[in-house]
Each structure stands twice: as structure tokens, then as C-alpha cells.
Amino acid sequence: MAAEWFRGATIIGIIATAVAVSLLPHPNAGDWAGIVYRLAILGALGALFAYLAKQAGQHRRVANWAKSIEVQLKSFRAFVEGAPEDEHGAIYRAFANRVLGNPPEKAKDSSDDTLPASQVIDLLTTIAKKAP
């Protein structure tokens with residue numbers, strides 16, 4: 001899994017940087033060029049490992065999204081059978097937009113492509129009333 005690879009590379013890189021920093025000779029207090037050079041290297045490595053950590057998070061989000069879509073695809077037919085016949089088209093369209101749409105780019109507080117809580121509650125209430 002790519003998320004695990006990126007996470008491992010981040011952890012190994014941070015540890016290797018810490019070891020390298022501790023093993024390299026420290027510049028003298030008056031050696032500004034040595035201090036700036038050392039800080040530039042640490043900054044570049046820090047940016048690289050921050051990027052790898054960000055990639056790990058993105059791959060993890062997409063993998064979790066794919067797993068949730070897999071579960072939804074497996075249970076969708078049973079879910080639709082419990083809904084009223086006249087609502088099947090709207091349910092299929094909403095689900096198609098969700099499944100065939102792009103995976104999430106980043107965590108959001110609210111999403112435009114999900115059903116509002118009131119609609120979900122109404123749908124579940126309708127299904128519960130129809131169930132024997």
C-alpha cells in the first residue's frame with residue numbers, strides 16, 4: 001500500500017536525519033556560513049519528509065474512501081429495495097454521483113455531494129415504515 005510506503009519513508013528519513021545531525025561536526029559559534037549551510041540542509045530534509053507525510057495522508061484518505069465505496073456497493077441493492085419505488089431513480093442518481101465522482105482531496109467539514117442529515121433521516125424513516 002502506498003500510504004504505508006510513504007509513512008515508512010518519512011519515519012526512516014526523520015530518524016536518519018536525526019542520526020546524521022548528531023554525527024556531523026557542529027560548526028563553531030562564529031562560523032555563520034556553516035550554521036546557515038547546516039540549517040539549509042535540515043530545512044530541505046524537513047520539507048521533503050513533510051511532503052512524504054502529506055502523501056501518506058492523502059493515500060490513506062483515498063484508500064479509506066475506496067473501502068467505504070466498496071461496502072456501499074455491496075449493500076446498495078438491499079438498501080434500495082427497502083425504499084419506495086418512486087424514489088429509486090433519485091437514490092440511484094445520488095449514489096452514482098458519489099461512486100463515479102472524484103475521491104476526496106482533503107478532509108472537509110461539510111460536503112456538497114452528500115445528502116443532508118434531514119434527508120437521510122427521512123429516507124431511513126420511510127424504509128423503517130415499509131419494513132414488515
Side-chain angles (χ1 to χ4, degrees):
M1 175 176 249
E4 297 299 327
W5 185 90
F6 281 117
R7 180 183 293 165
T10 301
I11 292 169
I12 290 170
I14 290 172
I15 292 170
T17 301
V19 168
V21 165
S22 67
L23 294 178
L24 289 176
H26 296 283
N28 297 331
D31 183 15
W32 286 103
I35 293 171
V36 170
Y37 179 73
R38 188 178 181 97
L39 288 175
I41 290 174
L42 289 175
L45 289 173
L48 171 66
F49 299 128
Y51 174 76
L52 291 176
K54 181 180 176 182
Q55 289 299 309
Q58 176 65 16
H59 282 278
R60 173 79 56 209
R61 274 190 297 280
V62 171
N64 289 340
W65 175 79
K67 286 178 186 176
S68 73
I69 293 295
E70 177 186 13
V71 170
Q72 292 172 27
L73 283 169
K74 289 179 179 178
S75 61
F76 185 70
R77 187 172 303 275
F79 174 75
V80 171
E81 288 174 359
E85 193 71 31
D86 58 339
E87 294 182 11
H88 283 199
I91 294 171
Y92 274 105
R93 277 190 296 282
F95 189 64
N97 286 338
R98 179 176 176 83
V99 171
L100 300 175
N102 292 330
E105 291 297 321
K106 59 183 176 180
K108 299 183 206 174
D109 292 337
S110 64
S111 179
D112 296 335
D113 58 339
T114 59
L115 293 174
S118 61
Q119 286 182 346
V120 172
I121 291 171
D122 290 343
L123 185 60
L124 293 175
T125 304
T126 304
I127 292 170
K129 287 179 184 176
K130 197 169 188 178

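Predicted model, so just to flag it, every value in this text is computed and none were measured. In what follows, every heavy atom counts, from backbone to side chain, and hydrogens, waters and symmetry copies are set aside.
Under the 4.5 Å side-chain heavy-atom criterion for ILVMFWY residues, a single connected hydrophobic cluster contains both Val99 and Tyr92. Note on Ile11: it does not cluster hydrophobically with Tyr51, by side-chain heavy-atom contacts below 4.5 Å among ILVMFWY residues. A single hydrophobic cluster is not seen to contain both Val62 and Phe6; linkage of ILVMFWY side chains at heavy-atom distances under 4.5 Å, directly or through other members, places them apart. Each of Val36 and Leu42 belongs to its own hydrophobic cluster when Ile, Leu, Val, Met, Phe, Trp and Tyr are linked at side-chain heavy-atom distances under 4.5 angstrom.
Here the straight-line distance linking atom CD1 of Ile12 with atom OG1 of Thr17 works out to 11.5 Å at 0.5 Å rounding. Note that CG of Asn64 is 12.0 Å distant from CD1 of Ile69, once rounded to the nearest 0.5 Å.
Closest approach of Ala2 to His59, counting heavy atoms only: CB-ND1, 3.5 Å. Closest approach of Ala83 and His88 over heavy atoms only: O-NE2, 3.2 Å. Scanning both residues, Ala53 and Thr10, for their nearest heavy atoms gives N-OG1, 3.3 Å.
In this structure, the side chains of Phe76 and Leu73 stay at 4.5 Å or more apart for every pair of heavy atoms. With contacts defined as side-chain heavy-atom distances shorter than 4.5 Å, the pair Phe79/Ile91 qualifies.
In this structure, Tyr37 places its OH atom where only 12 or fewer heavy-atom neighbours from other residues, nucleotides or ligands lie under 6.0 Å away.
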**OP:** Please step through salt bridge (Lys or Arg N to Asp or Glu O under 4.0 Å) for the pair Lys74 and Glu70, ending with a clear verdict.
**Re:** CA-CA 6 Å; Lys74 289 179 179 178; Glu70 177 186 13; 3.2 Å; yes
